[in-house]
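For this chain, numbers begin at 1 and follow the sequence in order.
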Amino acid sequence: MDLGASRNDSVVTEFVLLGITDAPALQPILFVVFLLAYVATIGGNFSILAAILIEPKLHTPMYFFLGNLSLLDVGCISVTVPAMLRHFISQDRSIPYRACLSQLFFFHLLAGADCFLLTVMAYDRYLAICQPLTYSTRMGWGMQQALVAMSCAFSFTNALTQTVALSTLQFCGPNVINHFYCDLPQLFQLSCSSTQLNEQLLFVAAAFMGVAPLVLITVSYAHVAAAVLRIRSAEGRKKAFSTCGSHLTVVGIFYGTGVFSYMRLGSVESSDKDKGIGILNTVISPMLNPLIYSLRNPDVQGALQRVLMGMRPPK
């Protein structure tokens with residue numbers, strides 16, 4: 001995939017990431033904070049994955065999708081945080097043109113797959129609660145694999161389209177990005193050629209990968225809520241809602257930050273708010289997801305205890 005990093009008509013061959021702050025006194029503190037956040041995210045998500053693999057009770061479609069979500073979270077934070085940590089301990093904050101586009105591609109690939117996978121998980125909860133008699137046949141192993149593969153394929157198509165479209169822009173002036181990773185809105189501001197087509201592509205992607213999944217999630221949970229409210233037992237309603245609460249929390253964090261990030265293309269200058277939203281989206285959300293999914297789930301908690309203590313699951 002030739003992204004045209006050093007075309008003759010492009011003067012800029014590297015960008016400079018300003019990062020989170022330029023205060024020297026804060027650099028070591030932030031390095032430790034984000035290093036700990038990175039380690040916690042990697043450890044937490046791989047612990048969830050290990051728990052799903054070793055616990056027979058968790059060999060269900062819901063946890064298969066959760067395991068894939070954990071892998072995406074690990075990938076998403078690994079695209080941005082290691083480079084950020086390097087900038088904290090180095091005076092060199094430059095990033096080559098090709099590396100910037102590669103970071104952009106993988107970030108949109110993983111974040112886009114997250115969008116679709118969260119939608120798939122909502123559909124899974126709809127089938128489990130609203131169509132329990134046909135759930136096992138309609139959400140078989142082949143369907144689970146197909147849904148994950150489709151999520152990745154759609155996301156790959158969008159990430160490739162956005163990256164190739166960006167590579168056609170000319171960058172012949174300022175090369176300073178007021179952010180800690182390469183992303184479309186900030187790069188649009190630096191281009192010395194028209195970004196109209198790129199912004200239209202991003203708008204279409206936002207509708208297809210943001211609005212449409214969010215509508216599907218809302219419709220799925222409207223049916224789920226209606227079905228749960230028909231359950232006469234209070235304990236039954238509580239159990240049904242508990243399986244959905246964690247997912248809804250993750251959806252709220254993910255889409256809340258994503259919408260704020262990409263619906264502000266009209267702003268001329270990047271602000272510190274963009275960096276804060278970026279931290280929520282790329283660091284805090286992947287770090288919190290394992291905690292959110294394990295807090296109210298005794299099966300996951302038991303499996304995690306066995307993983308950490310090296311115990312075998314009961315037969």
Say whether [X] and [Y] are linked into one hydrophobic cluster, either directly or through other cluster members, by side-chain heavy-atom distances under 4.5 angstrom.
X: Tyr221; Y: Leu229; result: no
X: Leu187; Y: Leu197; result: no
X: Leu216; Y: Tyr126; result: no
X: Val250; Y: Leu71; result: yes
X: Tyr123; Y: Met209; result: no

Under 3.5 Å: donor-acceptor pair, side chain of [X], backbone of [Y]:
X: Gln170; Y: Ser193; value: no
X: Gln27; Y: Ile89; value: no
X: Ser285; Y: Asn281; value: no
X: Ser191; Y: Phe171; value: no
X: Gln162; Y: Leu201; value: yes
X: Ser246; Y: Ile292; value: yes
X: Asp124; Y: Val120; value: no
X: Ser155; Y: Cys152; value: no

Quiz item: Which is it for Val79 and Tyr181 under the side-chain contact (heavy atoms from CB on, under 4.5 Å) test, yes or no, and what are the steps along the way?
Solution: CA-CA 9 Å; Val79 168; Tyr181 65 94; over 6 Å; no

First locate atom [atom1] of [X], then atom [atom2] of [Y], and finally report the distance between them rounded to the nearest 0.5 Å.
X: Leu30; Y: Phe88; atom1: CG; atom2: CZ; result: 4.5 Å
X: Thr282; Y: Met287; atom1: OG1; atom2: CE; result: 10.5 Å
X: Ser194; Y: Phe188; atom1: OG; atom2: CZ; result: 10.5 Å
X: Ser94; Y: Ile177; atom1: OG; atom2: CD1; result: 11.0 Å
X: Tyr293; Y: Thr249; atom1: OH; atom2: OG1; result: 8.5 Å
X: Leu127; Y: Thr134; atom1: CG; atom2: OG1; result: 6.5 Å

Considering non-hydrogen atoms only, spot the tightest contact between [X] and [Y] and give its length.
X: Arg86; Y: Asp92; value: NH1-O, 3.8 Å
X: Arg93; Y: His87; value: CA-CD2, 3.8 Å
X: Ser78; Y: Ile42; value: OG-CD1, 4.1 Å
X: Leu101; Y: Ser167; value: CD2-CB, 3.7 Å
X: His223; Y: Cys130; value: O-SG, 3.5 Å
X: Ile129; Y: Cys244; value: CD1-SG, 3.7 Å

I want to check something: taking the side chain as every heavy atom from C-beta on, are [X] and [Y] in contact at a cut-off of under 4.5 Å?
X: His108; Y: Asp183; answer: yes
X: Ile48; Y: Val300; answer: yes
X: Met139; Y: Phe64; answer: no
X: Leu69; Y: Asp73; answer: yes
X: Leu184; Y: Leu166; answer: yes
X: Phe254; Y: Cys115; answer: yes
X: Asp114; Y: Leu110; answer: no

Quiz item: Taking it one step at a time, do Ile279 and Phe180 satisfy side-chain contact (heavy atoms from CB on, under 4.5 Å)?
Solution: CA-CA 9 Å; Ile279 291 171; Phe180 61 91; 3.8 Å; yes

Exercise. Not counting sequence neighbours, which residues clear side chain to side chain contact (heavy atoms under 4.5 Å, CB included) with Phe154? List them please.
Key: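 So Phe154 forms a side chain to side chain contact (heavy atoms under 4.5 Å, CB included) with Phe116, Met150, Phe208.
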
Quiz prompt | Met62 and Leu66: CA distance, side-chain angles, deciding distance, side-chain contact (heavy atoms from CB on, under 4.5 Å) verdict | solution = CA-CA 6 Å; Met62 180 174 69; Leu66 177 58; 5.8 Å; no

Practice problem: Under the side-chain contact (heavy atoms from CB on, under 4.5 Å) rule, what do His247 and Leu118 come out as? Steps first, then yes or no, please. | Solution: CA-CA 8 Å; His247 180 250; Leu118 289 171; 3.9 Å; yes

Quiz item: Is it true that atom CZ of Phe31 has more than 12 heavy atoms of other residues, nucleotides or ligands lying nearer than 6.0 Å?
Solution: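 Yes, enclosed.
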
Quiz item: OH of Tyr135: more than 12 outside heavy atoms within 6.0 angstrom?
Solution: yes

Do any side-chain atoms of residues 14-24 form donor-acceptor pairs under 3.5 angstrom with protein atoms, and if so which ones, sequence neighbours left out?
residue	atom	partner	partner atom	Å
Thr21	OG1	Ala23	N	3.2

Self-check item: Whether Phe105 and Phe156 hold their rings parallel, tilted or perpendicular, with breakpoints at 30° and 60°
Solution: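 Perpendicular.
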
